[in-house]
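Only heavy atoms go into these numbers, but all of them, side chains included; no hydrogens, no water, no symmetry mates. Just so we're clear, the structure is a prediction, and the values are computed from it rather than from any experiment. This chain uses plain numbering: 1 for the first residue, then up along the sequence.
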Amino acid sequence: PPRSTLFPYTTLFRSQIVWSAVNYWQYQNPTPGYDPGVQVFDIKAYGAKCDNSTDDTAAVAAAYAAAAVAAGGGTVLNPGGACVIASGPIYVTNAVNVTFKGSGWGSSYVIPNSGSGTKYLFGTGTAAITDLVFEDLDLNVLYTGGSWSTFQVGAGTATGVYFNRVRFRGVNYTGAIPFFVNAVGTAAGSLADWHFTQCRFVNPGTVQINGLLIRGFSGLEVDGCTFQNVNNSIVPQNLYQCADLRFTNNEEIYTTGANYAEGPDIAGCKGIVYTGNQQRATYSVVGTNDIGGVLIDTYTGLVTSGIVITGNNFLGNGISFSPAAAPITDVEVANNTINATQSTSGVNSGIIFGADAGTSARISVHDNTITGIYTGAPVNLGSGYVAGAVAFRNNIGYNPATVSAPGFPATTALYTNGTGVDVYAYITNGAAAMTTQVNGNTGPAIAISATQTVFIPAGGTFKATYASGSPTWVFQGN
């Protein structure tokens, strides 16, 4: 279909978005560029015990080596059980059309809690990889003696990599530890056409664990995945220096709130579609800080541009722009719902703009609904914000600090909206039945003890007629 059909809200800046050589349309109906292969290499046939005790590193490596050289590729099968990788990683170098297959999350590869230094389950090394698949597996880290990752991408090229129904999980370690990371400084474009589908990233610990920490990708799809994190500085998806990424229908779950949690941190990237994603917390408020939705960040000298954020449900600081290091351009934020009730001590605002490097432009923020501000404001323009960089329209925020409602007018008294902005008056009728007028036109009748939202444009008038009682209202400003 034409791009305007899929993204009807990009008319303000669509002509400025530059899509890279990786064809975005491959994501609409992704066709895996691999064949599982007719040859199956069962790791138990190569000596793996999968008893959650014996070191199976050599057996798994041998099964992979056989699959890697098989004509037409091959499948490395873990039929079930926990295979300990104590002397890894398993380097999937020179992989062409190889699938690591399990029977579900009961088929596990595990880093045990022994030894020291940095540990990885799998690594790509420096060689080229094409059409590599991990499917129906559990990748688990029990190691607490140092930093770790379930999957480490080296400096080689890797294209056509698929993770289908894989669970990534790991335990505590002090510091920022990702479940998935590629080497710093990887050349842009060397990692392309990667897919994560119906995967689960689980952090049962109490320190910072990242779900996806990725750099230098060109062409990445994350669809239908769950990021389940506990406590303290959770960054499910850190996206640095990437292009052509698509995040759809994912869920972030926060199960307790000792500190800070946030969704994706997008920095120095071009061409990102983030739509249909949900944030959910199983507790009522964050104890000492707050939750964030999307942070649109920058690196010095690297413009962040071509970002579409639509149809998501966010908690806390829903969307934050931080263009201090470099400009942010060509961004659309539309039709999102932001519930900012998740903090009682940190400052939560629905949409935040920080200091601007000075050349941010073509940012459209429209048709978003912001509710439940505890502290802060629906839209918070920070010090150094450059007027004109952002176009706002049709956003509804709950009782913004800058739009205070006066006392509800006495019966038949005429109120004139002098706030300077259009407002939605949210009326709770503690009186007898009420009739209303806006600009002299009959508005909705409001029954006793009922609520009603009435639109009053800037400079417009409002009048209510009621027999007795004390109605109240708050303003939702745009």
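- Residues forming a side-chain contact (heavy atoms from CB on, under 4.5 Å) with Val303 (at least two apart in sequence, or on another chain): Ser305, Pro327, Thr329.
- Here the side chains of Arg280 and Glu251 are in contact, with some heavy-atom distance below 4.5 Å.
- Around NZ of Lys44, the count of heavy atoms belonging to other residues, nucleotides or ligands within 6.0 Å exceeds 12.
- Between Leu132 and Val92 the shortest side-chain heavy-atom distance falls below 4.5 Å.
- Each ring-ring contact (aromatic ring centres under 6.0 Å, His included) pair with one or both residues in residues 71-101, not counting sequence neighbours, appears once here: Tyr64-Phe100, Phe100-Phe122, Phe100-Phe134.
- With 2.5 angstrom as the limit on SG-SG distance, Cys269 and Cys242 do not come in below it.
- Of the charged side-chain nitrogens involved, none lies within less than 4.0 Å of a carboxylate oxygen, so that Arg246 and Asp223 do not count as a salt-bridged pair.
- The side chain to side chain donor-acceptor pair (under 3.5 Å) check on Thr54 picks up Asp51, with sequence neighbours excluded.
- You'll find the side chain of Phe247 reaches within 4.5 Å of the side chain of Leu220, heavy atoms only.
- In terms of modelled atom types and a separation under 3.5 Å, the side chain of Ser360 and the main chain of Ile328 share a donor-acceptor contact.
- Side-chain contact between Tyr274 and Asn312 is present, with at least one heavy-atom pair separated by less than 4.5 Å.
- Side-chain atoms of Thr57 come within 3.5 Å of backbone N or O of Ala86 as a donor-acceptor pair.
- For Phe168 and Phe163, the gap between ring centers is short of 6.0 Å.
- Minimum heavy-atom separation, Cys50 to Ile43: SG-CD1, 3.7 Å.
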